[in-house]
Amino acid sequence: MMESKIAESLTKAVKTLYQQDVKPDIFQLQKTRPEFEGDLTVVVFPLLRLSHKAPEATATELGKWLTEQMEEVTGFNVIKGFLNLEIADAFWLRFFKEAAENEKFGFKSEQNDPPVVIEYSSPNTNKPLHLGHVRNNLLGWSVAEILRAGGKKVFKVNLVNDRGIHICKSMLAWKKWGKEKTPGTSGQKGDKLVGDFYVLFDKKYKEQIAGLVKQGMDEKEAAQNAPLILEAKEMLVKWEAGDEEVRKLWNEMNSWVYAGFDTTYQRMGIDFDKIYYESQTYLLGKALVNEGLEKEIFFRKEDGSVWCDLTDEGLDEKLLLRADGTSVYMTQDLGTAQLRYDDYHPQKLMYVVGNEQNYHFDVLKRVLKKLGKSWAEGIYHLSYGMVELPHGKMKSREGTVVDADDLMEEMANTARKTSEELGKFDDFTPEESIRLYEMIGMGALKYFILKVDPKKTMLFNPKESIDFNGNTGSFIQYTHARIRSVLRKAKASGITPDKENITGLSLEKKEKSLIRWLYDFPQIISAAAEAYSPAQIANYSYELAKEFNQFYHELSILKEENPAKRDFRLMLSDFTSQVLRSAMGLLGIELPERM
RNA sequence: GGUCCGGUAGCUCAGUUGGAUAGAGCAGCAGCCUUCUAAGCUGCGGGUCGCGGGUUCGAAUCCCGCCCGGAUCACCA
């Protein structure tokens with residue numbers, strides 16, 4: 001890397017000029033801002049205590065030294081305390097030649113470390129996926145891909161919450177009022193169908209409560225004693241006891257939901273290496289809790305409930321088992337964490353879960369540590385911000401939930417309308433058109449969501465549909481299509497560029513700045529992997545595409561008269577399209593050949 | 001009330017471990033298609049980086065206090 005090479009050289013300079021020994025990492029090197037001449041900039045302020053000279057004098061001395069000692073440094077200028085270095089075209093060309101031959105440019109090969117297990121999606125089987133899940137899924141999937149690109153071995157896992165009172169509610173409502181309705185007979189998507197019965201239960205339940213309150217019952221009491229909820233609880237008991245009939249219905253309705261989820265995941269482009277089901281893991285936590293009780297890490301209250309005391313760590317007491325011995329959310333997560341550790345022995349257990357659960361994961365980690373699980377150190381809660389609507393959070397009661405399937409459909413439709421208005425590709429077959437609209441619609445959606453820093457709350461306005469102009473997925477797709485178009489034309493006219501011809505070229509400004517951006521790609525992947533941030537990939541891709549569009553606008557490629565230059569620009573374009581594909585691939589966004 | 005997160009242009013968002021005059025997009029205005037795709041390019045206007053202190057050569061960035069918004073502190077998940 002050029003930066004570290006210069007830093008090395010600067011340590012020698014400081015040694016020679018100022019008789020001081022320093023480490024290379026004290027030098028601050030950054031990309032020279034476009035308004036100044038040069039490629040790399042050294043900030044000299046921190047070096048003044050070594051030189052005991054004015055900033056300009058120090059910068060000039062170092063600049064001279066570097067220019068003399070390093071063949072790659074061809075010149076410099078000094079502005080205030082900033083030393084701007086010019087790097088030889090030959091260096092950039094050499095880099096380009098090498099990088100362009102590497103199809104995996106920017107990607108690290110898999111290291112031999114323990115794997116990272118990343119959980120995302122984690123749906124409930126009583127609710128169809130909505131916008132919040134979309135952010136979760138896209139983030140989880142993309143972070144997993146970015147970690148892979150950064151050389152990690154990664155397992156993507158899902159944890160389906162398929163048991164509990166909520167699914168009994170849907171089952172009960174279906175039994176009472178479902179009239180044997182199935183996805184097959186109704187044509188309705190399975191997750192939607194089951195979700196509807198969950199809502200129906202809630203409606204009927206509320207009616208019962210209201211009726212009881214009218215008869216003079218206390219509201220809380222009514223909620224606990226309404227016949228429907230009693231029946232649902234009874235069903236849950238039967239479920240836990242393994243009652244055949246209940247289990248059969250449960251299996252059937254869950255299978256409808258899974259079919260529905262699969263459709264949604266597929267369209268979203270989300271996949272998993274393994275799916276865990278709570279029905280298969282919810283008992284595991286109890287063993288851990290008992291272990292803690294025996295070791296007197298946990299304690300039992302008079303009513304028989306089991307707790308973990310975290311007050312010495314500034315938190316509260318946390319319930320781990322109810323008085324009746326049944327488990328709570330935390331119990332389950334203790335168990336699944338242990339199971340996942342046993343399955344993979346990972347270096348990191350990541351959970352992509354909204355920031356509303358920060359406390360839960362904080363406690364989870366601490367409880368496991370108290371139990372002496374050293375691997376709990378590897379638990380990492382990738383806590384992302386909520387997606388809000390203009391009037392606040394999504395609320396199912398107010399009907400403001402943005403359904404994932406509807407949203408994707410709408411995106412594809414908008415892509416179609418926009419394309420038709422622009423009157424492009426009339427020669428496409430219907431299948432090609434549909435595929436393209438899907439690509440554009442999903443690209444816009446994914447980019448819109450992933451370009452925002454995961455930690456931050458983001459806003460989605462359903463009335464202003466997601467843009468196709470400016471800083472968008474479409475912009476990058478369009479840039480790619482443009483490049484591919486030029487490459488097709490070059491091929492059609494029999495041009496076959498040769499890398500060996502570029503060696504002596506001198507670079508135009510826009511050519512160099514484009515190479516500069518391409519040169520950064522490996523570091524961008526590392527940084528994004530470090531920060532678990534697809535947003536960094538998105539922002540980089542945008543800058544790169546913008547840089548290309550300027551290059552494209554200012555210089556002609558095919559019409560360039562000098563064949564060596566023409567070929568170089570072609571190869572540079574080709575390589576740019578490759579990096580764009582790589583980068584956007586990490587976000588799950590496909591780039592079209594034409595649009 | 002305790003803890004945690006956030007506050008940057010009218011709107012949506014960038015801003016690497018502190019570095020040059022705080023940047024994009026959208027929206028608004030003005031240009032650019034007889035030349036490789038105008039879903040593009042160029043220009044203009046738009047800011048007390050919530051407020052006040054501090055640290056230092058230098059602060060949107062670090063520290064302290066305050067204001068505002070959100071989350072959480074469940075025998076819900």
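Lettering of chains follows the sequences in order, A, B, ..., and the numbering in each one begins at 1. No experiment lies behind these values; they were computed from the predicted model shown.
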Check your understanding: Does A:R482 make a side-chain N or O approach to OP1 or OP2 of B:A38 shorter than 4.0 Å?
Key -> yes
Practice item. Indicate whether A:F36 forms a stack on B:A20; treat it as stacked only if centroid distance is below 5.5 angstrom and interplanar angle below 30 degrees. Key: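 Stacked: centres under 5.5 Å apart, planes under 30°.
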Practice item. Answer yes or no: is there an ion pair linking A:E561 with A:R566, defined by an N-O contact shorter than 4.0 Å? Key: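 No.
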Review point. Can you list every ring-ring contact (aromatic ring centres under 6.0 Å, His included) pair that touches residues 521-541 of chain A, not counting sequence neighbours?
Key: A:Y380-A:Y532, A:F521-A:Y540
Exercise for review: Not counting sequence neighbours, list each pair that qualifies as a ring-ring contact (aromatic ring centres under 6.0 Å, His included) and has a residue in residues 309-334 of chain A.
Suggested key: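 Qualifying pairs, neighbours excluded: A:Y329-A:H360.
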Check your understanding: Residues in side-chain hydrogen bond (donor to acceptor under 3.5 Å, both in side chains) with A:Q523, at least two apart?
Key -> none
Review point. How would you list, by chain and number, every residue that makes a ring pair (Phe, Tyr, Trp, His ring centres under 6.0 Å) with A:Y18, sequence neighbours excluded?
Key: none
Taking RNA chain B as the partner, which of [range] come within under 4.0 angstrom of it by heavy atom?
range                       : value
residues 22-34 of chain A   : A:Q28, A:R33
residues 547-555 of chain A : A:N549, A:Q550, A:Y552, A:H553, A:L555
residues 531-546 of chain A : A:N539, A:Y542, A:K546

**Study point:** salt bridge (Lys or Arg N to Asp or Glu O under 4.0 Å) against A:D362, all qualifying residues, sequence neighbours excluded
**Key:**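 Only A:R366 meet the salt bridge (Lys or Arg N to Asp or Glu O under 4.0 Å) criterion with A:D362.
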Check your understanding: salt bridge (Lys or Arg N to Asp or Glu O under 4.0 Å) with A:R33: which residues, sequence neighbours excluded?
Key ->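 Here the qualifying residues are A:E35.
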Review point. Which value, in whole Å, describes the distance between the C1' atoms of nucleotides B:C67 and B:G50?
Key: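 Per the computed distance, 7 Å lies between those C1' atoms.
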Might you list the N or O atoms of the protein lying below 3.5 Å from N or O atoms in nucleotides 2-4 of chain B, with each pair's distance?
none

Check your understanding: List RNA chain B stems (3 or more consecutive Watson-Crick/G-U pairs, under 3.5 Å)?
Key -> B:1-7 with B:67-73, B:10-13 with B:23-26, B:28-32 with B:40-44, B:50-54 with B:62-66
For nucleotides 75-77 of chain B, give me every protein contact, N/O to N/O, under 3.5 Å, one pair per line with atom names.
unit_1	atom_1	unit_2	atom_2	d
B:C75	N4	A:D303	OD2	2.4
B:C76	OP2	A:R322	NE	3.3
B:C76	OP2	A:R322	NH2	2.7
B:A77	OP1	A:R322	NH2	3.4
B:A77	OP2	A:Y329	N	3.3
B:A77	O3'	A:N161	ND2	2.8
B:A77	O2'	A:N161	ND2	3.2

